[in-house]
Number of protein chains: 2
Amino acid sequence: MENLKIFIADDHQILIDGLTSFFNELDGFEVIGHANDGLILLQEIATKTPDIVLLDLNMPKLDGMATLKKLKDNYPNIKVIILSNYHQSQLIKEAKALGANGYVLKNGSKSDLLSAIETVQTGKFYFPEEESKIENQSLFTDEFMKKHQLTKREVEIIRLVCKELNSKEIADKLFIAEFTVTTHRRNILSKLEIKNTPALINFAKQNGIA
Amino acid sequence: MENLKIFIADDHQILIDGLTSFFNELDGFEVIGHANDGLILLQEIATKTPDIVLLDLNMPKLDGMATLKKLKDNYPNIKVIILSNYHQSQLIKEAKALGANGYVLKNGSKSDLLSAIETVQTGKFYFPEEESKIENQSLFTDEFMKKHQLTKREVEIIRLVCKELNSKEIADKLFIAEFTVTTHRRNILSKLEIKNTPALINFAKQNGIA
DNA sequence: ATGTAAATACCTAATATTAAGTATTTTTGG
DNA sequence: CCAAAAATACTTAATATTAGGTATTTACAT
């Protein structure tokens, strides 16, 4: 059986180099090319014909989604597995809609990646469940909550602020009064000793809760 | 000569797996452990003694800088090479100040990484030049600005918003009227088709301009 | 069971942001 | 030099956030 031809697109060359080594170690895989951005990927694909493209979502020039669309428009037979930093149902949905065959988190393990490749290769799709994200984060958020004296509800609200909802929208989503959201936000700012929403978002990003 | 013992800390398991394969391919290197966040790194280091730690800056729980500090406080002899997404002089400076031995960009190649390891291993430091950051950002920001039709001033203001300044403070800093800042912010939101500050910050982070 | 923390809710008032329109000056590219 | 783009500045008005204070109900743990 012939090797499975893989093309890797990611703006981090280090990751490409690492994955290339990884596939070299294994039998049955061959990395036939790589690109650091979407435009180069599309150029390269014109002359190479991979079986599978591993596509990072976060690239300069032409971002992952745009690249995915063009790729699928022009080469519908090439299987595409998204490599993403984020477990966000919105992104997963969008990737599905644009024709991606799989979606693997970068903080998943190599076996996830191999499962995805195997699954996709047999014509099936490989996507993470869109639910369970609340479970998911709770053990990791624990430490963090204690450290900053934040309550569950407060963390929940921080996340929604980071998702660009305003207080009214958060209130509707949680079925509570806007007043309550305002109170929570005030308490959050006070506990974190910050004074505005940008600071809150920076804090959330730095602590990986958003 | 004994193998060089490497420990890898990065929140993306895929990157760890890739790099591990990469080092396995080579002679003289051995990956003795890995961690997906700073806390686990510190726990592991208590029992393992790597020669070199490859440390991602962007990790949950305990971020790269905080981890670096603790690591260097407790194990000053372990060499630490920062793996970073960003070529920002501020970060480079901070890492230096905290005792890092090297700083490698993830969008650099594997040979950069090997050079860094070699350099560090001989007791020297390996850092990218801090200058040329204006160059640096401008060519990378260039594409980005065109893509989103943003002007220089607008990008400047986006950065300041991300730095948690409000419109008044931005106005003072740039010696322009608050009205003007407001106008710029309005134009920015309109061009990016977003509707509030959290969305602006998310956009900036996603595009690496903040 | 009972005290404490958390979540809820409301009020007032000050600040900040967003929306929409307009207009002048400065910079820049051809 | 000239046209176009960018940066500047102002007005009015609607929303949203932040800063106070206060109070009730739930949930939780000793």
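Residue numbering restarts at 1 for every chain, and letters A, B, ... go by the order of the sequence lines. Only heavy atoms go into these numbers, but all of them, side chains included; no hydrogens, no water, no symmetry mates. For clarity, every value in this text was computed on a predicted model and none was experimentally measured.
Following rounding to the nearest Å, B/Ile170 (CD1) and D/dT8 (P) show an atom-to-atom distance of 12 Å. For the pair A/Glu169 CD and C/dT18 C1', the computed distance is 14 Å after rounding to whole Å. Whole-Å rounding puts the A/Asn166 CG to C/dA19 P distance at 11 Å. A straight line from CG of A/Asn187 to C1' of D/dT18 spans 12 Å, rounded to a whole angstrom. Across the protein-nucleic acid pair, B/Phe179 atom CZ and D/dT12 atom P stand 9 Å apart, rounded to whole Å. Atom NZ of B/Lys152 and atom C1' of C/dT26 are 12 Å apart (whole Å). Rounded to an integer number of Å, the gap from CD1 of B/Ile201 to P of D/dT17 is 13 Å. In this structure, CD1 of B/Ile157 is placed 15 Å from C1' of C/dT18, rounded to the nearest angstrom.
The A/Arg153 side chain lies nearest to C/dT8 when the options are C/dC11, D/dA9, C/dT8. Side-chain proximity of A/Thr151 to the nucleotides C/dT17, C/dA6, D/dT17 is greatest for C/dA6. Residue A/Ile176 has its side chain nearest to C/dT8 when only C/dT8, C/dT17, D/dC10 are considered. Relative to the side chain of B/His184, the nucleotides D/dA7, D/dA16, C/dT8 differ in distance, and D/dA7 lies closest. Checked against D/dT18, D/dT17, C/dT18, the side chain of A/Ser167 finds its nearest nucleotide in D/dT17. Side chain of A/Ala177, nearest nucleotide from C/dA9, D/dT18, C/dA19: C/dA9.
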Original post:
Could you go step by step and tell me if B/Thr197 and A/Thr197 meet the side chain to side chain contact (heavy atoms under 4.5 Å, CB included) rule?
Top reply: CA-CA 8 Å; B/Thr197 302; A/Thr197 302; 5.7 Å; no
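At a threshold of 4.0 Å, the pair B/Glu156-B/Arg159 does not count as salt-bridged, since none of the basic side-chain nitrogens sits closer than that to a carboxylate oxygen.
In this structure, a donor-acceptor pair under 3.5 Å is absent between the side chains of B/Asn202 and A/Lys163.
Side-chain N/O atoms of B/Arg186 include none lying less than 4.0 angstrom from OP1 or OP2 on C/dT17. Listed pair A/Thr180 / C/dT8 fails the phosphate criterion, with no side-chain N or O lying under 4.0 Å from OP1 or OP2.
Contacts of B/Lys195 with the nucleic acid, taken as non-hydrogen atoms under 4.0 Å apart, involve only primed sugar atoms and P, OP1 or OP2. Heavy atoms of B/Thr182 sit under 4.0 angstrom from at least one base atom.
Of the two residues contacting DNA chain D, namely B/Leu174 and A/Thr197, the nearest-nucleotide position lying further toward the 5' end is that of B/Leu174.
Looking at A/Leu41 and A/Leu55, their side chains come closer than 4.5 Å, going by heavy atoms from C-beta outward.
Put simply, the side chain of A/Thr183 and the base of C/dC10 share a donor and an acceptor less than 3.5 Å apart.
Within a 6.0 Å sphere centred on NZ of A/Lys173, other residues, nucleotides and ligands contribute 12 heavy atoms or fewer.
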